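What you are looking at is a predicted structure, and each value in this text was computed from that prediction instead of being measured.
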There are 2 protein chains.
Amino acid sequence: MIELDNAKDEIEKGIINQDMLILVGNCFVDYLGRATSKLPKGKRLVLIKGDGSIAIHQNRLVKPTNYRVNTRIGCELVDGTLVVKANKQKPAEKLTITFQNIQDIKRYEIEATNELRLSGSERDLNELLMQDLSMIEAGLKPVNQQQQFRKGIADIIAEDKDGNFVVIELKRRQADFASVTQLHRYMKEVENMKGKKARGILLAPDIRKNARELLEQLGLEFSKLDFELTPNEKEKAKIKGLEHKQQKLF
Amino acid sequence: MIELDNAKDEIEKGIINQDMLILVGNCFVDYLGRATSKLPKGKRLVLIKGDGSIAIHQNRLVKPTNYRVNTRIGCELVDGTLVVKANKQKPAEKLTITFQNIQDIKRYEIEATNELRLSGSERDLNELLMQDLSMIEAGLKPVNQQQQFRKGIADIIAEDKDGNFVVIELKRRQADFASVTQLHRYMKEVENMKGKKARGILLAPDIRKNARELLEQLGLEFSKLDFELTPNEKEKAKIKGLEHKQQKLF
DNA sequence: GCGATCAGCGGCACG
DNA sequence: CGTGCCGTTGATCGC
């Protein structure tokens, strides 16, 4: 066990230094903000970061039980306990950790960089498709990418060989109800703007059965998007194929 | 710095014991699964939990750069590095952390409980409303709570004093486009099932301006939900009032 | 700052 | 197991 006043010094040093801090000890946690919560007494691990993020972890799941981001963290000794507070205004939120004891406290100097290079995101796939819209359908030409409307932002807008506007919504994973209604909303908006019928194509690796039903009722199209992730850093991802489900009939 | 073979022993001990493990050191991280990512060499903090959760943290933000949940974690010494792997099938995912060195390794015995008592969730508000639907509108009677359709699950279905079906969608925070289309979807489904017109009411503390426009176009109603969080453990939350925006005109 | 949307969403509850 | 959806969603990007 660590003396609480020593712990306090160490925490304050860590906060000033923008270190990463690990606190382990018996504590309870109160949160009042967008919701309220009480975490009863128990042994937890608290992770404080240089940017004022704080997370209380129990020994399960990746997500913390309690957390707060981008806040000013302070601590004080109160009645033989060490109280760590992470409060914030707008929205008003209070996070209070009360330690009965501190078993361990660790301070690590780690730079606050963000160097993760991720690929296979929707943005990547979008870029790939824009390079050659004919992958989706022969004769398709880009009109406007990520065009903003009053009712949202469509992923891709194009014009098909017959001069119809085509709204394309791209999903990197199985499409659901929300994906379908999203596309429908954009399609309606385009129809309103242009004053004529438009098409809507949902592009995803898969679609849930009921979502597919809704899609068809709304007069939208689904096209299976088959893409491959490349561990190679040079190319971000690779689109292996696109398959209109309707074509299966032939 | 810690000898890598000692670190390996300690990690393996921790995994068997289902402890919480903290590793700090220079490493790079490769992920291949639903997407791919590379995190170049740098000093990071890795948190491993008893249920096989693993998270790589940099010194900013609450969320880890890389993570994996519910996996079998193994480690081995390879060419003077310590490699921690968290692989999984279905879907196939590989997470590999390669440590050049380990500055610190900590092992904490913490029980894997989940005792957080949270209140003010949508579920709580739903329960409160169901106790007295007349808060929403005089004469409103419950028909079915959380009724399941082919196209989703409506929060509340009721009947108004004139015998119309009323579909109610509840949001604990500012309603957006998705909230509106969600309600619309349920309302249409009820109309289909019952074979007559239905009403739809969106209940939320606030609604985005454009979402409100869409809501009105779709013939739906909005009602401002004013609720209060109680730090008191006995009562979950309190609904202070409900206000139909239309009433503001009078 | 707000608005809109994605996320390797995670996690949960229900069928 | 999949389906649907909430979340103190968080985080990002654009305006």
Taking any heavy-atom pair under 4.0 Å as a contact, classify [X]: base, sugar-phosphate, or nothing.
X: A:Glu93; value: base
X: A:Lys209; value: nothing
X: A:Thr65; value: base
X: A:Asp176; value: nothing
X: A:Leu95; value: nothing
X: B:Gly33; value: nothing
X: B:Tyr31; value: base
X: B:Arg172; value: sugar-phosphate
X: B:Ser121; value: sugar-phosphate

Legend entry - Expected output: side-chain A:Arg172 to main-chain A:Gly120 donor-acceptor under 3.5 Å: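 Confirmed, A:Arg172 side chain pairs with A:Gly120 backbone.
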
Which of these nucleotides, [options], is closest to any side-chain atom of [X]?
X: A:Tyr186; options: C:dT5, D:dC6, D:dC5; answer: C:dT5
X: A:Arg68; options: C:dG8, D:dT12, D:dG10; answer: D:dG10
X: A:Asp155; options: D:dT8, C:dC6, C:dG3; answer: C:dC6
X: A:Lys171; options: D:dG7, C:dC6, D:dT12; answer: C:dC6

Inset, instruction - Look up atom CD in B:Glu189 and atom CD1 in B:Ile157, then write down how far apart they are to the nearest 0.5 Å. - result: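 These two atoms lie 9.5 Å from each other.
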
Legend entry - Separation between OH of B:Tyr186 and CD1 of B:Ile156, rounded to the nearest 0.5 Å: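 So the gap between those two atoms works out to 12.5 Å.
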
Whole-Å distance separating the [atom1] atom of [X] from the [atom2] atom of [N]:
X: A:Gln174; N: C:dC9; atom1: CD; atom2: C1'; result: 15 Å
X: B:Glu127; N: C:dA13; atom1: CD; atom2: P; result: 13 Å
X: B:Asn70; N: C:dG8; atom1: CG; atom2: P; result: 19 Å
X: B:Lys151; N: C:dG15; atom1: NZ; atom2: P; result: 19 Å
X: B:Asn126; N: D:dG7; atom1: CG; atom2: C1'; result: 16 Å
X: B:Arg208; N: C:dG1; atom1: CZ; atom2: P; result: 16 Å
X: B:Ile153; N: C:dC12; atom1: CD1; atom2: P; result: 17 Å
X: B:Tyr67; N: C:dC9; atom1: OH; atom2: P; result: 7 Å

Legend entry - Pairwise 5' ranking along DNA chain C for B:Val69 and B:Lys63, keeping only the more 5' one: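 With B:Val69 and B:Lys63 compared, the 5'-side residue is B:Lys63.
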
Legend entry - B:Asn114 vs B:Ala35, nearer the 5' end of DNA chain C by closest nucleotide: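 The 5'-side residue here is B:Ala35.
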
Under 4.0 Å: is that the gap between some side-chain N or O of [X] and OP1 or OP2 of [N]?
X: B:Arg123; N: C:dC14; result: yes
X: A:Gln182; N: C:dC6; result: yes
X: A:Arg185; N: C:dA4; result: no
X: A:Arg34; N: D:dG10; result: yes
X: A:Asn210; N: D:dT3; result: no

Legend entry - Span that lies between the P atom of D:dA11 and that of C:dG11, in whole angstrom: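 About 15 Å, rounded to a whole number of Å.
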
Legend entry - Pairwise P distance, C:dG8 and D:dG4 [rounded to whole Å]: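 Straight-line distance between the two P atoms is 22 Å.
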
Inset, instruction - For the pair B:Ile48 and B:Met20, evaluate side chain to side chain contact (heavy atoms under 4.5 Å, CB included) and give the outcome as yes or no after the intermediate values. - result: CA-CA 6 Å; B:Ile48 298 174; B:Met20 252 167 126; over 6 Å; no

Inset, instruction - Test for a donor-acceptor pair under 3.5 Å between the base of C:dG8 and the side chain of A:Arg173, counting only N and O atoms. - result: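 A donor-acceptor contact between them is absent.
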
Legend entry - Distance-only donor-acceptor test, B:Asn66 side-chain atoms vs C:dG8 base atoms, 3.5 Å: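 For B:Asn66, whose side chain was compared with the base of C:dG8, there is a donor-acceptor pair (under 3.5 Å).
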
Inset, instruction - Kindly confirm or rule out a cation-pi arrangement of B:Lys194 over B:Phe165, judged by NZ or CZ under 6.0 Å from the six-membered ring centre and within 45° of its axis? - result: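 That pair qualifies as a cation-pi contact.
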
Legend entry - Charged N-O contact under 4.0 Å between B:Glu221 and B:Arg199: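 Salt bridge present between B:Glu221 and B:Arg199.
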
Inset, instruction - Between A:Thr36 and B:Arg60, just flag the one whose closest nucleotide in DNA chain D comes earlier from the 5' side. - result: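 Going by which nucleotide is closer to the 5' end, it is A:Thr36.
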
Legend entry - Greater than 12 external heavy atoms within 6.0 Å of A:Lys94's NZ: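 Counting other residues, nucleotides and ligands, NZ of A:Lys94 stays at 12 neighbours or fewer.
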
